[in-house]
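Here's the structure, in structure tokens; my notes come after.
Excluded from the calculations below are hydrogen atoms, water molecules and symmetry mates; all remaining heavy atoms, backbone and side chain alike, are included.
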Amino acid sequence: MSPRSALVNEELRRRSKERLLHAAVELVGERGYEATTLGDIADRAGSARGLVSYYFPGKRQLVQSAVHRLMHRTLEEALEREPRTGDGRERMARAIDAILGLARERPVLMRQHMAGLLQAEGFLPCPEQRRLGELLSDTVARHGSDDVEADYPMLRALLMGAVYAAVMPGAPMPVPVLRAELFARYGLDWESGVPPDTGAPGGTCAEDRTDTARFFATEPEAQSK
């Protein structure tokens, strides 16, 4: 039997890493961070446990990368959904709804993510986070910012604060209230983005985003779709 080519090996490594990211999102969302071990993630991914440390320095890095992947792909999907638009106000509304939607639909995962950012290791830069930052910076620019370098961190801080408020144990704020506050700040119409699901101001409705497999491509053809 001839040895596998470098391209085949690279593809296998990519798919293994994707499975680990997907497994991390699923397990932390189901059990929480502390109750999820690296062994659990490797088992769910169907990977050898040694591969986890090969790709990631530790559990915190793996989980942050996985959540940032989920966030940036959710945001990307929201910004580019049909009908596609270059309107800055509509794109800002879609961005806000995408991130608040994750807080509403995946409260355990997002709560654990926010808690992780407050740990000693803090914020851990990774390619997934950089892509998320690029999408948010572009959204700020299209919304009409004259100073993206200052306005992007403010948007990021406001979204993080809203997520934290939405998932705070024991005293969560309703997502509709947070949405209304952010929409008012950025001068957005309530009907923009994902339309409200009630007659009165409040709430967002969206397609079911609980199945995240499409964000973690483990098959070669999935990358070209």
Side-chain angles (χ1 to χ4, degrees), residues 4-77 98-99 102-103 105-138 149 152-153 155-157 159-161 163-164 167-169 209-220 222-223:
R4 291 196 297 257
S5 69
L7 286 177
V8 170
N9 285 330
E10 179 62 27
E11 175 64 15
L12 291 174
R13 285 192 291 269
R14 182 193 65 78
R15 291 166 65 180
S16 294
K17 187 175 181 180
E18 293 285 317
R19 286 195 295 269
L20 289 169
L21 290 169
H22 190 203
V25 161
E26 287 187 325
L27 286 171
V28 174
E30 293 168 9
R31 306 176 184 177
Y33 180 81
E34 295 299 335
T36 300
T37 68
L38 288 175
D40 294 332
I41 294 171
D43 290 344
R44 174 69 67 91
S47 300
R49 299 192 181 192
L51 279 179
V52 181
S53 56
Y54 176 79
Y55 293 121
F56 302 97
K59 186 170 71 167
R60 185 67 67 189
Q61 288 86 346
L62 167 55
V63 172
Q64 278 200 30
S65 291
V67 177
H68 283 139
R69 162 69 70 87
L70 176 63
M71 293 176 72
H72 97 61
R73 289 299 301 275
T74 298
L75 177 59
E76 184 177 60
E77 184 175 81
I99 302 303
L102 286 172
E105 295 158 9
R106 293 181 165 268
V108 174
L109 180 67
M110 297 308 291
R111 185 181 304 126
Q112 298 297 304
H113 178 60
M114 297 304 296
L117 296 178
L118 298 175
Q119 298 299 310
E121 300 132 304
F123 178 78
L124 304 171
C126 67
E128 305 295 345
Q129 185 281 327
R130 284 194 290 273
R131 179 56 180 150
L132 176 63
E134 290 167 0
L135 290 171
L136 288 176
S137 293
D138 180 69
E149 290 189 5
Y152 156 64
L155 174 61
R156 182 182 62 195
L159 290 173
M160 290 176 66
V163 169
Y164 180 82
V167 301
M168 183 186 301
R209 290 192 295 233
T210 56
D211 180 7
T212 59
R214 66 191 183 282
F215 294 155
F216 301 90
T218 58
E219 298 299 330
Q223 292 292 317

Original post:
Run the side-chain contact (heavy atoms from CB on, under 4.5 Å) check on Q64 and Q129 step by step: do they pass?
Top reply: CA-CA 8 Å; Q64 278 200 30; Q129 185 281 327; over 6 Å; no
**OP:** Verify side-chain contact (heavy atoms from CB on, under 4.5 Å) between F216 and V25, making sure each step is shown before the conclusion.
**Re:** CA-CA 10 Å; F216 301 90; V25 161; 3.8 Å; yes
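With rounding to the nearest 0.5 Å, the separation of CG in L62 from CG in L21 is 6.0 Å. Atom-to-atom distance recorded for L51:CG and R19:CZ is 9.0 Å, nearest 0.5 angstrom. With rounding to the nearest 0.5 Å, the separation of OG1 in T37 from CG in L27 is 8.5 Å. A distance of 6.0 Å separates CD in E26 from OG1 in T212, rounded to the nearest 0.5 Å. L109 CG to L102 CG: the interatomic distance, rounded to the nearest 0.5 Å, is 8.0 Å. To the nearest 0.5 Å, the span separating OH on Y55 from OG on S16 amounts to 4.5 Å.
Looking only at distances, a side-chain donor or acceptor of K59 sits under 3.5 Å from a matching main-chain atom of T36. A donor-acceptor pair under 3.5 Å links the side-chain atoms of S53 to the main chain of G50, judged by distance alone.
Annotation: side chain of H68 is in contact with side chain of C126 (closest heavy-atom distance under 4.5 Å). Side-chain contact between F215 and H22 is absent, with no heavy atoms from C-beta onward closer than 4.5 Å. The closest side-chain heavy-atom distance from V28 to V67 is not below 4.5 Å. Side-chain contact between L135 and E76 is present, with heavy atoms from C-beta onward closer than 4.5 Å.
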Identify all side-chain donor-acceptor contacts of residues 110-118 below 3.5 Å with residues at least two apart in sequence or on another chain.
| residue | atom | partner | partner atom | Å |
| --- | --- | --- | --- | --- |
| R111 | NE | V167 | O | 2.7 |
| R111 | NH2 | V167 | O | 3.3 |
| Q112 | OE1 | Y33 | N | 3.0 |

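One finds no salt bridge joining E18 and R15 here, because no Lys/Arg side-chain nitrogen approaches an Asp/Glu carboxylate oxygen to under 4.0 Å.
D43 meets the side-chain contact (heavy atoms from CB on, under 4.5 Å) test with R49; sequence neighbours excluded. For the side-chain contact (heavy atoms from CB on, under 4.5 Å) test, residues two or more places apart in sequence or in another chain that qualify with E134 are R131. Annotation: side-chain hydrogen bond (donor to acceptor under 3.5 Å, both in side chains) contacts of S65 (sequence neighbours excluded): none. Residues passing the side-chain hydrogen bond (donor to acceptor under 3.5 Å, both in side chains) test with E128, sequence neighbours excluded: R69, H72. The side-chain hydrogen bond (donor to acceptor under 3.5 Å, both in side chains) test applied to R31 returns D40, not counting sequence neighbours. With sequence neighbours left out, A23 forms a side-chain contact (heavy atoms from CB on, under 4.5 Å) with I41, R44, A45. Annotation: salt bridge (Lys or Arg N to Asp or Glu O under 4.0 Å) contacts of R156 (sequence neighbours excluded): none.
For CE of M168, the number of neighbouring non-hydrogen atoms (other residues, nucleotides, ligands) closer than 6.0 Å is greater than 12. The neighbour count for Y152 OH, taken as heavy atoms of other residues, nucleotides or ligands under 6.0 Å away, is above 12. Heavy atoms from other residues, nucleotides or ligands lying under 6.0 Å from OH of Y54 number 12 at most.
Summarising the geometry of A42 relative to V52, their closest heavy-atom pair is CB-CG2, 3.9 Å, with the distance given to 0.1 Å.
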